[in-house]
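A short write-up of the structure that comes next.
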Amino acid sequence: MAKPRTAVIRYSSFVILHAGRRAERCLDFPRHDNYVKAVEAIRLFQSLSRDQRNTFIACFLGWALDAFDFFLVTFVLIPIAADFGRTIPQVTFAITLTLMMRPLGAFVFGLLGDKFGRRIPLMIDIIFYSVMELLTAFAPNFTVFLILRALFGIGMGGEWGLGASLAMESLPTQTRGLFSGILQQGYAAGYLLAAVVYWIIFPIWGWRGLFIAGALPALLVIYIRARVPESPVWQRDRGQKQANPLKIDIFIKKHGGLFIYAALLMTAFNYMSHGTQDLYATFLEKQRGFGVSAKSMITIIYAIGAVCGGTVVGFLSQKWGRRRLIILSATCGMLLIPLWIFAPNTALLIVGGFLMQFMVQGAWGVVPVHLNELSPRDFRGTFPGLAYQLGNFAAAYAAQQQAWLAHHFRDAKGNPNYATTMAIVELVVFLAIILLAAIGREERGKEF
C-alpha cells in the first residue's frame with residue numbers, strides 16, 4: 001500500500017541529498033576530481049559567445065518543450081481511456097502512432113535543413129507541433145485524437161535532428177560533450193515540466209486542459225529562434241552543396257552500413273528510455289496505489305535524476321570516450337533494476353527511480369554529440385535525426401507491448417503486473433546497448 005502524500009514529500013529531501021552520492025559511487029570518481037570537473041564545466045559555459053549561448057538555449061528549449069508536449073499524454077492515459085470509452089492498451093496506441101511518425105518528420109525536416117539551413121525549418125517545425133498539440137485538446141472522438149497525435153509525431157520527429165545539428169555545429173569542439181549532455185536533457189526537462197503541469201492543471205481542468213497548456217510555451221521559442229544565427233558550418237559548406245546536390249542513392253552507397261548501425265543503436269536507446277518512462281506513471285498509480293500528488297512528486301524526482309545524469313555523463317564523455325560511458329551507464333542501470341521497480345517502500349522506490357534515470361539519461365547525454373560526430377558532413381541535418389527517429393519507429397510499440405505484457409504477467413491479486421514486465425524488458429535492452437556500443441566506432445573530437 002502506498003504512503004500518503006506527506007510521506008512522499010518527507011522522503012524527497014532524503015533522495016536529493018543521498019541519491020547523488022550513490023550515483024557518484026557507481027561512476028567511481030573522487031570528490032576532488034568532481035570539483036575540478038565542476039570548475040571546468042563552468043569555464044566551458046563562460047567560453048561561449050553570445051550567439052553560441054543563444055543558439056544552445058534555443059535548441060535546448062525547443063527539445064524540452066517538444067518532449068513536454070509528448071509526455072503529457074503518458075500522465076493521462078487512464079482519464080483519456082475513460083473519456084473515449086477505450087482500454088489503456090488502446091490509448092497507448094496514440095504513443096505508438098506518435099513514435100511511428102517521427103521518422104517522417106526527421107526525414108522531411110532534415111532534408112529541408114540540409115538544403116535551406118537549420119534555423120528556418122526548425123522554426124516552422126515548432127509552429128507545426130504546437131498547433132497539433134493545441135488541436136488535441138479539442139479532439140471530439142478517439143479517431144481524431146489518434147490522427148492529431150500522429151501529426152504531432154511528424155513535428156516532434158523534425159525538431160531533434162535540426163536542433164542537435166545546429167547546436168553541435170555552432171559550439172566549440174571541446175565543449176560538445178558537456179553541451180550534448182545538457183541538450184539531450186531537454187527531454188528529461190520536458191518530462192519534469194509535464195509532471196509539474198499535470199500536478200497543477202489536471203485536478204482542475206482535466207486532460208484537455210493539459211493539452212491547451214502544452215501549446216503555449218512552444219510558441220515562445222519562436223522569438224528565441226529569431227535571435228539565433230544560422231549554423232556557421234552549414235553556411236561555410238553552402239557553396240559546395242549547391243554544386244553537389246544531395247542524392248539519396250549516394251548516401252545509401254557510401255554510408256548505408258553506418259546508418260543501419262546508428263538506427264539499431266537508437267532502437268535500443270529508445271526502448272531503454274520509453275521502457276522506463278512511458279508506463280512509469282501508470283505503474284505508480286495502478287500497482288503502487290499513488291494518487292496525483294504523490295505520483296507527480298516521484299516523477300519530478302525521477303526527472304531530476306535524468307537531468308543530472310545526462311549532464312554529468314555527457315561531460316565525462318569528452319575525456320573518457322562516448323562508447324565507454326554508454327557501456328558504463330547501461331551496466332549500472334542493469335544492476336539498479338531491482339531497486340528501481342521492486343523497492344519494498346516509498347523511500348527506496350524514489351532512490352531507485354532517481355538512480356535509474358541518472359543512468360538511462362546519462363547514456364542518452366552522449367547521443368547528440370556521438371551521432372553528429374559519426375554523421376557524414378553533407379548529411380548532418382538528416383543523418384542524426386533520421387537515425388534517432390527510425391530507432392523511435394522501431395521502438396514505437398514499446399508502451400503498447402509493455403501494457404499488453406502486463407495484462408498477461410498478472411500479480412498475486414490478478415492485476416496487471418507492470419513491474420515484472422518493465423524489469424524484463426529493460427534487462428534485455430541494457431544488454432543490447434552494451435553489445436552495440438562495444439562493437440561500434442567512435443570519432444570523439446572530430447572537427448566539423
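The structure presented is a predicted model; accordingly, all values stated were derived computationally and were not measured. No hydrogens, no waters, no symmetry mates; every other heavy atom, side chains included, goes into these values.
- Minimum interatomic distance between Ala395 and Leu99 (heavy atoms only, all atoms of both residues): O-CD1, 3.9 Å.
- Judged as a side chain to side chain contact (heavy atoms under 4.5 Å, CB included), and not counting sequence neighbours, the contacts of Phe259 are Phe251, Phe383, Leu386, Ala387, Leu390.
- Taking the side chain as every heavy atom from C-beta outward, His370 and Leu374 approach each other to under 4.5 Å.
- Considering only residues two or more places apart in sequence or on other chains, Arg410 meets the side chain to side chain contact (heavy atoms under 4.5 Å, CB included) condition with His407, Pro416.
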side-chain contact (heavy atoms from CB on, under 4.5 Å) evaluation trace for Met334 with Leu431:
CA-CA 8 Å; Met334 186 168 56; Leu431 289 172; 3.6 Å; yes
Step-by-step side-chain contact (heavy atoms from CB on, under 4.5 Å) determination, Phe202 to Val197:
CA-CA 8 Å; Phe202 177 75; Val197 171; over 6 Å; no
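- Side chain to side chain, Asp66 and Trp160 fail the donor-acceptor criterion of an N or O pair below 3.5 Å.
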Stepwise salt bridge (Lys or Arg N to Asp or Glu O under 4.0 Å) check, Arg380 with Glu373:
CA-CA 9 Å; Arg380 195 170 291 119; Glu373 287 174 339; over 6 Å; no
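- Thr92 has its side chain within reach of Leu279: a pair of non-hydrogen atoms, C-beta onward, lies under 4.5 Å apart.
- Residues Leu77 and Ile95 are in side-chain contact: their nearest non-hydrogen atoms beyond the backbone lie under 4.5 Å apart.
- A donor-acceptor pair under 3.5 Å links the side-chain atoms of Arg323 to the main chain of Ala437, judged by distance alone.
- Heavy atoms from other residues, nucleotides or ligands lying under 6.0 Å from OH of Tyr280 number more than 12.
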Salt bridge (Lys or Arg N to Asp or Glu O under 4.0 Å) between Arg119 and Glu230: does it pass, once the steps are laid out?
CA-CA 6 Å; Arg119 181 171 163 271; Glu230 183 54 80; 5.9 Å; no
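- Nearest heavy atom pair, residue Ala306 against residue Gln185, reads O-OE1, 2.9 Å.
- Checked by atom type and distance alone, the side chain of Asp114 pairs as donor or acceptor with a backbone atom of Gly381 at under 3.5 Å.
- For the atom pair Leu210 CG and Thr136 OG1, the distance stands at 11.5 Å (nearest 0.5 Å).
- In this structure, the side chain of Ser317 does not engage the main chain of Arg322 through any donor-acceptor pair within 3.5 Å.
- The shortest heavy-atom contact between Gly362 and Ser329 is C-OG, 4.1 Å.
- Taking both residues in full, the closest heavy atoms of Leu436 and Ala268 are given as CD1-CB, 4.0 Å, listed atom of the first, atom of the second, then distance.
- The CD atom of Gln361 sits 9.5 Å away from atom OH of Tyr302, with the distance rounded to the nearest 0.5 Å.
- Cation-pi geometry between Arg288 and Phe290 is not met at under 6.0 angstrom from the ring centre and within 45 degrees of the axis.
- To the nearest 0.5 Å, atom CZ of residue Phe56 and atom CG of residue Leu48 are 8.5 Å apart.
- Residues Ala262 and Leu371 share a closest heavy-atom pair of CB-CD2, 4.1 Å.
- Within the 4.5 Å cutoff, the side chain of Phe283 has heavy atoms near those of the Ile341 side chain.
- Side-chain N or O atoms of Arg118 include one that pairs as donor or acceptor with a backbone N or O of Gly113 at under 3.5 Å.
- Note that the CE atom of Met168 and the CZ atom of Phe179 stand 8.5 Å from one another [nearest 0.5 Å].
- Annotation: side chain to side chain contact (heavy atoms under 4.5 Å, CB included) contacts of Leu61 (sequence neighbours excluded): Ile57, Val221, Ile224.
- Note that the NE2 atom of His274 and the CD atom of Gln401 stand 12.0 Å from one another [nearest 0.5 Å].
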Taking it one step at a time, do Arg208 and Asp83 satisfy salt bridge (Lys or Arg N to Asp or Glu O under 4.0 Å)?
CA-CA 10 Å; Arg208 294 181 185 272; Asp83 197 6; 3.5 Å; yes
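- Qualifying ring-ring contact (aromatic ring centres under 6.0 Å, His included) partners for Phe269, counting only residues two or more places apart in sequence or in other chains: Trp364.
- Counting heavy atoms from C-beta outward, Phe145 and Asn141 have side chains that stay 4.5 Å or more apart.
- Here the side chain of Thr175 pairs no donor or acceptor atom with the backbone of Leu171 at under 3.5 angstrom.
- Checked by atom type and distance alone, the side chain of Gln287 pairs as donor or acceptor with a backbone atom of Ala419 at under 3.5 Å.
- Here the side chain of Gln318 pairs a donor or acceptor atom with the backbone of Gly177 at under 3.5 angstrom.
- Inter-residue side-chain proximity for Asn372 and Arg176 is flagged as unmet; no heavy-atom pair is nearer than 4.5 Å.
- For Gln52 (side chain) and Ser49 (main-chain N/O), a donor-acceptor pair under 3.5 Å exists by modelled atom type.
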Please assess Phe109 against Leu122 for the test side-chain contact (heavy atoms from CB on, under 4.5 Å), listing each intermediate value before the final yes or no.
CA-CA 8 Å; Phe109 284 101; Leu122 193 51; over 6 Å; no
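- Taking the six-membered ring where the residue is Trp, the centroids of Phe354 and Trp340 are separated by 6.0 Å or more.
- When atom types are taken as modelled, the side chain of Thr311 and the backbone of Cys308 share no donor-acceptor pair closer than 3.5 angstrom.
- In this structure, Phe315 and Ile182 have side chains that are not in contact, with every pair of non-hydrogen atoms separated by 4.5 Å or more.
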Which is it for Met101 and Leu151 under the side-chain contact (heavy atoms from CB on, under 4.5 Å) test, yes or no, and what are the steps along the way?
CA-CA 7 Å; Met101 297 302 288; Leu151 292 173; 5.9 Å; no
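- Counting only heavy atoms from C-beta outward, the side chains of Met422 and Thr276 never approach each other to under 4.5 Å.
- Atoms CD1 and CD1, on Ile88 and Ile78 in that order, are 4.5 Å from each other to the nearest 0.5 Å.
- Taking the ring-ring contact (aromatic ring centres under 6.0 Å, His included) definition, one finds that Phe71 meets it with Tyr187, Tyr191, sequence neighbours left out.
- Sorted by first and then second residue, the pairs that involve residues 419-431 and meet side-chain hydrogen bond (donor to acceptor under 3.5 Å, both in side chains), not counting sequence neighbours, are Asn417-Thr420.
- Nearest heavy-atom pair across Cys59 and Glu159 is O-OE2, 4.0 Å.
- A cation-pi contact links Arg102 to Tyr388, judged by a cut-off of 6.0 Å to the six-membered ring centre and 45° from its axis.
- For Thr382 (side chain) and Gly110 (main-chain N/O), a donor-acceptor pair under 3.5 Å exists by modelled atom type.
- Aromatic rings of Phe75 and Tyr198 (six-membered ring for Trp) have centroids within the 6.0 Å cut-off, being under it.
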